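Keep in mind it's a predicted model, so treat the numbers as computed, not measured.
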Amino acid sequence: MTHDRSAGLAETRRALADGEVTSRALVERALARIEATQGTLNAFRIVRAEAALAEADAADRELADGARRPLLGVPVAVKDDMDVAEEPTAFGCRGEFPPAAEDGEAVRRLRAAGAVIVGKTNTCELGQWPFTEGPAFGDTRNPWHPGHTPGGSSGGSAAAVAAGLVPAALGSDGAGSVRIPASWTGLIGIKPQRGRISTWPRGESFQGITVNGTLARTVADAALLLDAASGNHDRDPHRPPALTVTDAVGRDPGRLRIALSLKPPFTAVPARLHPEVRARVVELADKLAQLGHEVEEADPPYGQIGLTFVPRATVGIAEWVRDAPDPMLLDRRTRDAARLGRLLGGAPLRTARRAEAVLHRRIGRFFGRYDVILAPTTAAPPPRIGALYRLRGLATDRAMIAACPYAWPWNVLGWPGVNVPAGFVGDGLPVGAQLLGPAHSEPLLVSVAAQLEAELRWHDRWPPEPAPATRAA
């Protein structure tokens, strides 16, 4: 096979196992593509060139000896909120961070599957915003439209996969941070059940609202990476029953009852669904109806779910800020959020966490009538670079909620969601829709996503090759 940027995770794994290509050749190619695009797309915070090549050579020796592991020799990337041994975990922040002593559990499992971690991808400061910009690393750009953001906070992972720098990458999702950049770069983004992929060494990240997830160009690749990274540390508080998601790709989901939910959950800030985004999501709903599913408009009973989100999110920010080597280097918006988190860390946090069980029961009853929800992933297409970053605190929150009001309730619930590409709006900006399910429903969501993919073949479209960066004299 020719190893151009179109080779996905499953295809790369097969080519390695069949001896058609070496891990070293793949990793060299990934490193060359990263270097060529770093000045334009700026997807990576850390590139592990020397270490990755050594790991590739070790994988080639294993392959030559007949060893087979799920991702043996395959280059992948992880977001810079995950510990990789001997690398700092700066999580989008400025400052001198110490190198991590050991891999986080998700990275450990990827390595156990044989993957080669080529680098750590950019994320906005402590993953708070749906853009990937900041003084620590600059602007990460959208491969489809470099004047626009790839989204956030897993924007570096999304840009790297969309541009074909790596076949798949891990991200994390605390309010849509996998699904939003997946929607704005034309990818599959799986936010799994809480605890499916460990966030250890933090038993809970952001008080349980943040989970690790996967970004890839196809459903099969996103599911393959999910299965490889899944599993728990002995001390993880959330340990969902094990399941294999890859098996659901290509499985007929049967005739499902699908709720098309276009109304944003209640927030204190008005959010309006962009007409073109609405049209793309409705087209997906029509496609699902053509596939034999029963689709009708219905909105889950979210109620005042937003009141339970803010204490968990801000207390989570306060916990990360406490570990920052120099808090005064942090964005003022970050310091203000951490201050609020310190105020909400007692009774308000306990109340917010207790409310989750009530929400599970109430929204769970909705899944007595419907199997899956189809909703927009965002209310708007990707904003221009700088449009949100340059705002002040409250203005940032208002703009963020207006653009991205749909993803965060599933973080409060801890249930799975999958972004699927919904097409393009305006002058070629990607947008997405999310398939949402109840607890442990990843296989069902993946089977529906794969059914849509087989019809719509969104992975056949690629962004233009990024222009090489011109270096200033």
Side-chain angles (χ1 to χ4, degrees), residues 38-45 79-81 90-95 121-159 162 171 174-177 180-181 183-185 267-272 274 277 310 313-314 317 320-321 324 326-341 377-408 425-431 466 469 472:
Q38 193 60 9
T40 45
L41 297 181
N42 187 30
F44 282 80
R45 178 78 185 254
K79 182 177 177 176
D80 192 28
D81 61 343
F91 201 175
C93 300
R94 288 191 292 174
T121 57
N122 276 323
T123 167
C124 60
E125 194 167 287
L126 301 186
Q128 299 166 85
W129 304 302
F131 53 81
T132 302
E133 299 157 47
F137 59 88
D139 302 335
T140 297
R141 295 175 177 272
N142 194 318
W144 292 93
H145 258 278
H148 292 255
T149 182
S153 62
S154 307
S157 285
S177 283
I180 290 163
S183 74
W184 284 347
T185 58
T267 53
V269 175
R272 192 180 70 87
H274 187 290
V277 178
V310 173
T314 55
I317 291 165
W320 278 94
V321 166
D326 187 349
M328 289 317 293
L329 289 175
L330 297 173
D331 192 300
R332 170 139 185 216
R333 291 168 289 190
T334 303
R335 299 201 306 273
D336 288 347
R339 193 174 303 120
L340 179 59
T377 303
T378 67
R384 289 199 158 274
I385 294 283
L388 275 65
Y389 177 66
R390 287 195 291 265
L391 300 174
R392 296 265 185 266
L394 194 57
T396 308
D397 292 343
R398 291 177 71 90
M400 176 165 73
I401 292 166
C404 303
Y406 289 100
W408 58 270
V425 301
D427 57 349
L429 292 166
V431 294

Practice item. Measure from NZ or CZ of R45 to the centre of the six-membered ring of F91 and say whether it is under 6.0 Å with the direction within 45° of the ring axis. Key: no
Check your understanding: Would you say the side chain of D331 lies within less than 4.5 Å of the side chain of W129, judging by non-hydrogen atoms?
Key -> yes
Check your understanding: So, does R333 use its side chain to make a donor-acceptor pair with the main chain of L391 at under 3.5 Å?
Key -> yes
Check your understanding: Just wondering, do P135 and Y389 contact through their side chains at under 4.5 Å, heavy atoms?
Key -> yes
Exercise for review: Decide yes or no for N142 and L429: does some side-chain heavy atom of the first lie under 4.5 Å from some side-chain heavy atom of the second?
Suggested key: no
Point to revise | Sub-4.5 Å side-chain heavy-atom contact between R335 and M328 | key: yes
Review point. If you look at every heavy atom in A324 and L330, which pair is closest and at what distance?
Key: CB-CD1, 4.2 Å
Exercise for review: Would you mind reporting whether S154 and T121 have side-chain heavy atoms less than 4.5 Å apart?
Suggested key: no
Revision key, fill the gap. Rounding to 0.5 Å, atoms OH (Y406) and CD1 (I401) come to a distance of 13.5 Å
Check your understanding: Do other residues, nucleotides or ligands put more than 12 heavy atoms under 6.0 Å from the CZ atom of R398?
Key -> no
Practice item. Indicate yes or no: at least one non-hydrogen side-chain atom of K79 is less than 4.5 angstrom from one of S177. Key: yes
Point to revise | T40 and P146, any side-chain heavy atoms less than 4.5 Å apart | key: no
Study note, to complete from the structure: Closest non-hydrogen atoms of A402 and A379, given as atom of the first, atom of the second and distance, are O-CB, 3.4 Å
Study note, to complete from the structure: d(I317 CD1, D336 CG) to nearest 0.5 Å is 10.5 Å
Exercise for review: Would you name the heavy atoms of T140 and G156 that are closest together and state the gap between them?
Suggested key: CG2-CA, 4.0 Å
Point to revise | Nearest heavy atoms of F44 and N122, plus distance in Å | key: O-ND2, 3.4 Å
Study note, to complete from the structure: Note: I180 and A175 closest approach over all heavy atoms is CD1-O, 3.8 Å
Review point. Can you tell me if W184 and T378 form a side-chain donor-acceptor pair at under 3.5 Å?
Key: yes
Review point. If you measure from SG on C93 to CG on D80, what distance do you get to the nearest 0.5 Å?
Key: 9.0 Å
Review point. What pair of heavy atoms forms the shortest contact from M400 to P130, and how long is it?
Key: SD-CD, 3.2 Å
Study note, to complete from the structure: Which of N42, I385, T132, T149 passes side chain to side chain contact (heavy atoms under 4.5 Å, CB included) with R141? Answer is I385
Exercise for review: Indicate yes or no: at least one non-hydrogen side-chain atom of P381 is less than 4.5 angstrom from one of V277.
Suggested key: yes
Practice item. Drop me the distance from D139's CG to L41's CG, to the nearest 0.5 angstrom. Key: 12.0 Å
Review point. Could you give the distance from CG (L340) to OG1 (T314), rounded to the nearest 0.5 Å?
Key: 4.5 Å
